[in-house]
Protein chains: 2
Amino acid sequence: MAENSSDICREQCFHPDTVERVSCAMASREDLLAVAELFKALGEGRRMSILNALLRSELCVCDLTLILNMSQSAVSHQLRVLRGARIVKSRKEGKNVYYSLDDRHISMLIETGFEHVREERGDEL
Amino acid sequence: MAENSSDICREQCFHPDTVERVSCAMASREDLLAVAELFKALGEGRRMSILNALLRSELCVCDLTLILNMSQSAVSHQLRVLRGARIVKSRKEGKNVYYSLDDRHISMLIETGFEHVREERGDEL
DNA sequence: TATTTATATGAACCTATGAACATATATTAA
DNA sequence: TTAATATATGTTCATAGGTTCATATAAATA
């Protein structure tokens with residue numbers, strides 16, 4: 001996977017010092033993959049609606065099925081993904097399991113995401 | 001796709017006023033999908049490394065192929081996804097096309113993502 | 001203990017998507 | 001105009017991931 005650069009940029013089309021500087025500042029492969037996994041888990045319509053709901057209040061699985069009109073199975077599967085990515089945390093109380101957003105980072109991510117797309121939409125006018 | 005709730009929560013296992021309140025506060029389907037698309041585009045390892053590089057500096061495609069050791073085709077394909085999601089913007093100068101992050105929201109999202117996964121890692125100790 | 005209820009999980013199916021290859025477009029230079 | 005270079009795109013293939021259905025687990029209740 002190393003010989004891609006051999007047939008491009010034969011002439012000095014690039015910027016050696018910038019390339020050097022940026023290369024040195026790159027995050028670790030581990031962190032990069034972890035962040036990508038985090039965003040991947042956030043990047044699905046149903047999961048985002050679950051999170052949008054959890055932005056307002058802690059909710060049990062049953063509440064979510066009603067709010068989002070999804071099957072219990074589908075909700076549960078998606079919650080598993082969100083739990084695995086440490087986007088939500090859960091708390092058991094009797095027969096019910098209550099879910100909420102993991103921490104402030106998560107709510108900030110979601111809110112910033114909404115801000116971004118809403119601003120974009122404004123730009124389009 | 002509507003009859004999922006009919007066979008669950010027959011008894012009042014849920015919280016009617018919370019469900020009502022949260023239901024009313026839900027974002028539009030349009031916004032939800034847009035945000036999900038945004039995060040989906042952020043949620044891939046290669047793309048995240050492109051973005052991590054762009055966090056430091058505006059770069060042309062050729063710079064990126066060198067920094068990330070990816071084929072030109074792969075870089076271009078991923079840049080297309082990022083452009084489509086309005087995560088990066090481009091500027092043409094002669095034969096080169098320079099890419100940079102779209103706006104402050106994007107850098108904030110990426111930085112918050114890194115903070116989150118690094119904090120998590122600390123928690124595991 | 002037996003049953004009901006709330007949630008979780010496994011498997012099968014289908015669609016979406018990343019990688020790699022070849023090729024197309026656009027800009028500069030000869 | 002022709003050739004070379006930088007970037008973009010179309011296609012094919014393999015795989016990841018979401019949904020549903022069926023079932024398993026766990027807690028409450030009879």
Side-chain angles (χ1 to χ4, degrees), chain A residues 1-15 19 33 36-37 39-50 58-66 68-85 88-99, chain B residues 1-15 19 32-33 36-37 39-50 59-66 68-85 88-99:
Chain A
M1 50 136 82
E3 289 317 309
N4 306 314
S5 47
S6 57
D7 57 338
I8 41 176
C9 296
R10 278 168 250 202
E11 316 285 303
Q12 295 286 87
C13 80
F14 64 96
H15 313 79
V19 167
L33 289 180
E37 286 308 306
F39 285 121
K40 184 179 300 180
L42 291 170
E44 203 276 326
R46 300 282 201 169
R47 284 198 292 271
M48 187 48 64
S49 46
I50 290 177
E58 178 188 66
L59 295 165
C60 70
V61 177
C62 178
D63 292 339
L64 285 167
T65 64
L66 292 170
L68 305 170
N69 195 32
M70 289 172 65
S71 73
Q72 180 271 320
S73 178
V75 170
S76 215
H77 275 291
Q78 299 298 13
L79 284 171
R80 186 188 192 183
V81 174
L82 293 172
R83 238 186 308 131
V88 302
K89 56 190 174 188
S90 62
R91 161 177 90 74
K92 194 162 195 173
E93 188 178 310
K95 276 185 292 187
N96 294 340
V97 178
Y98 290 88
Y99 283 86
Chain B
M1 49 139 76
E3 290 316 311
N4 305 313
S5 47
S6 58
D7 57 337
I8 41 179
C9 294
R10 279 168 250 199
E11 316 285 304
Q12 295 285 85
C13 80
F14 63 94
H15 313 80
V19 166
L32 283 169
L33 290 180
E37 286 310 305
F39 285 122
K40 185 180 298 180
L42 293 170
E44 203 276 325
R46 301 277 196 171
R47 286 198 291 271
M48 187 47 63
S49 45
I50 291 177
L59 295 164
C60 71
V61 177
C62 178
D63 291 339
L64 284 167
T65 65
L66 292 169
L68 304 172
N69 194 33
M70 288 171 66
S71 74
Q72 181 272 321
S73 177
V75 170
S76 215
H77 273 290
Q78 300 297 11
L79 283 172
R80 185 189 195 186
V81 175
L82 293 171
R83 235 186 311 130
V88 302
K89 56 189 174 190
S90 61
R91 162 177 89 75
K92 195 162 195 172
E93 188 178 310
K95 275 185 294 190
N96 293 342
V97 178
Y98 291 87
Y99 283 87

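Naming: A, B, ... by sequence-line order, numbering from 1 per chain.
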Taking all non-hydrogen atoms of both residues, which atom of [X] and which atom of [Y] are closest, and how far apart?
X: B:A41; Y: B:V81; answer: CB-CG1, 4.2 Å
X: A:M70; Y: A:V75; answer: CB-CG2, 3.7 Å
X: A:N96; Y: A:C60; answer: CB-CB, 4.4 Å
X: A:S90; Y: A:V97; answer: CB-CG1, 3.7 Å
X: B:A36; Y: A:G45; answer: CB-N, 3.6 Å

Please report the distance, rounded to the nearest Å, between [atom1] in [X] and [atom2] in [N].
X: A:N96; N: C:dA8; atom1: CG; atom2: P; result: 10 Å
X: B:L59; N: D:dT7; atom1: CG; atom2: P; result: 11 Å
X: B:Y98; N: C:dA26; atom1: OH; atom2: P; result: 20 Å
X: A:Q72; N: D:dA24; atom1: CD; atom2: P; result: 15 Å
X: B:M70; N: D:dA6; atom1: CE; atom2: P; result: 18 Å

D:dT19 base stacked by A:H77? Criteria: ring centres under 5.5 Å, plane angle under 30°. no
Nucleotide N/O of nucleotides 12-18 of chain C paired with protein N/O under 3.5 Å:
unit_1, atom_1, unit_2, atom_2, d
C:dG18, OP1, B:R47, NH1, 3.2
C:dG18, OP1, B:R47, NH2, 2.9

Is A:S71 near enough to D:dT20 that one of its side-chain N or O atoms lies under 4.0 angstrom from OP1 or OP2? yes
Restricting to nitrogen or oxygen on both sides, can you table the protein-nucleotides 25-30 of chain D pairs closer than 3.5 Å?
none

Indicate, yes or no, whether a donor-acceptor pair under 3.5 Å links the base of D:dT9 to the side chain of B:S73. yes
side-chain contact (heavy atoms from CB on, under 4.5 Å) between A:R47 and A:L82, intermediate numbers included: CA-CA 8 Å; A:R47 284 198 292 271; A:L82 293 172; 3.7 Å; yes
Please name the residue in the list B:V88, B:L59, B:L68 that meets the side-chain contact (heavy atoms from CB on, under 4.5 Å) test with B:I50. B:L68
Looking at D:dG10, C:dA8, D:dT7, which one has an atom nearest to any side-chain atom of B:R80? D:dG10
Measuring from B:R46:CZ to B:L64:CG, what's the distance to the nearest 0.5 Å? 12.5 Å
Could you tell me which residues satisfy side chain to side chain contact (heavy atoms under 4.5 Å, CB included) with A:R91, sequence neighbours excluded, listed by chain and number? A:E58, A:E93, A:Y98
